[in-house]
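Position 1 is the first residue of the sequence, and the numbers go up from there. Computed from a predicted model, the values in this text were never measured in an experiment.
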Amino acid sequence: MTIRLSKSELGKYRQFLQVDQHELGADARIDTDSDTAPNPHDLYDAALAACKAITLLMYAEKANIPLESVDIDIERDNAEERSGTYRLHVDLRLKGPLDESHRERLEKIAEKCPVHKLMTSVTTVVTSSCKLAD
């Protein structure tokens, strides 16, 4: 899978992302002129929310847990990011005829979603190459 990024004509910092057949936008969000799309940190945080919801829905389906939907709020505290700590607080709201045992099981499963694991227990190695465009 390749993600392709190119400059969008919609703003000074606006970027166009193509992930397979899907299109997304990203922007700097530093002022009202550059607030046309989520910034890269927003996309990173949103990946966690999406992964947790999808993981919970898939697990509930397989385990016959009557989970109907998941709403998630993520609060970011990046005050210590430059010193190496990026904090995300995830508030999960589970909808459906669930009991306390369902809630406990689903809370544990939410912490096992692939993006949560990627963010908390994997060393990510990024390599870059740079060439001049034609």
Inset, instruction - Could you grab the distance from atom CD of Glu61 to atom CG of Asn64, nearest 0.5 Å is fine? - result: 9.0 Å
Legend entry - Within one Ile-Leu-Val-Met-Phe-Trp-Tyr cluster: Phe16 and Leu24, side-chain cutoff 4.5 Å: no
Legend entry - Nearest-0.5 Å distance, CG of residue Leu92 to CG of residue Leu56: 6.5 Å
Inset, instruction - Please answer: with hydrophobic residues joined when any side-chain heavy atoms are less than 4.5 Å apart, are Met1 and Val125 in the same cluster? - result: no
Legend entry - Exam field: side chain Gln15 to backbone Tyr13, donor-acceptor pair closer than 3.5 Å: yes
Legend entry - Non-hydrogen side-chain atoms of Leu67 and Leu94 separated by less than 4.5 Å: yes
Inset, instruction - Answer yes or no: are there more than 12 heavy-atom neighbours, outside Arg93 itself, under 6.0 Å from its atom CZ? - result: yes
Inset, instruction - Determine whether Leu88 and Ile54 fall in the same hydrophobic cluster, where Ile, Leu, Val, Met, Phe, Trp and Tyr are linked whenever their side-chain heavy atoms lie under 4.5 Å apart. - result: no
Inset, instruction - Would you list the pairs meeting side-chain hydrogen bond (donor to acceptor under 3.5 Å, both in side chains) in which at least one residue belongs to residues 100-118, sequence neighbours left out? - result: Lys52-His116, Tyr59-Arg105, Asp99-Ser101, Asp99-His102, Glu100-Arg103, Arg103-Glu107
Legend entry - Chi angles and distances behind the side chain to side chain contact (heavy atoms under 4.5 Å, CB included) call for Leu17, Leu43: CA-CA 11 Å; Leu17 293 152; Leu43 295 171; 4.1 Å; yes
Legend entry - Heavy-atom pair with the smallest gap, counting every atom of Pro38 and Gly25: CD-O, 3.8 Å
Legend entry - Donor-acceptor pair, side chain of Thr85 and main chain of Glu81, under 3.5 angstrom: no
Inset, instruction - Look at the side-chain heavy atoms of Ile, Leu, Val, Met, Phe, Trp and Tyr, link any pair under 4.5 Å apart, and say whether Ile3 and Leu5 land in one connected group. - result: yes
Legend entry - Which atom of Pro97 lies closest to which atom of Pro66, heavy atoms considered: O-CG, 3.2 Å
Inset, instruction - Answer yes or no: is there a donor N or O on one side and an acceptor on the other, between the side chain of Asn39 and the main chain of Asp42, under 3.5 Å? - result: yes
Inset, instruction - Decide yes or no for Val90 and Ile72: does some side-chain heavy atom of the first lie under 4.5 Å from some side-chain heavy atom of the second? - result: yes
Legend entry - Gap separating the CG atom of Leu57 from the CD1 atom of Ile109, nearest 0.5 angstrom: 12.5 Å
Inset, instruction - Just say parallel, tilted or perpendicular for the rings of Tyr86 and Tyr44, cut-offs at 30° and 60°. - result: perpendicular
Legend entry - Leu48 CG to Arg76 CZ distance, which is reported to the nearest 0.5 Å: 11.5 Å
Legend entry - Of all pairs that satisfy salt bridge (charged side-chain N to carboxylate O under 4.0 Å, His left out), the ones with a partner from residues 4-23, not counting sequence neighbours: none
Inset, instruction - Determine the minimum heavy-atom distance between Thr55 and Cys113, stating which atoms define it. - result: OG1-CB, 3.3 Å
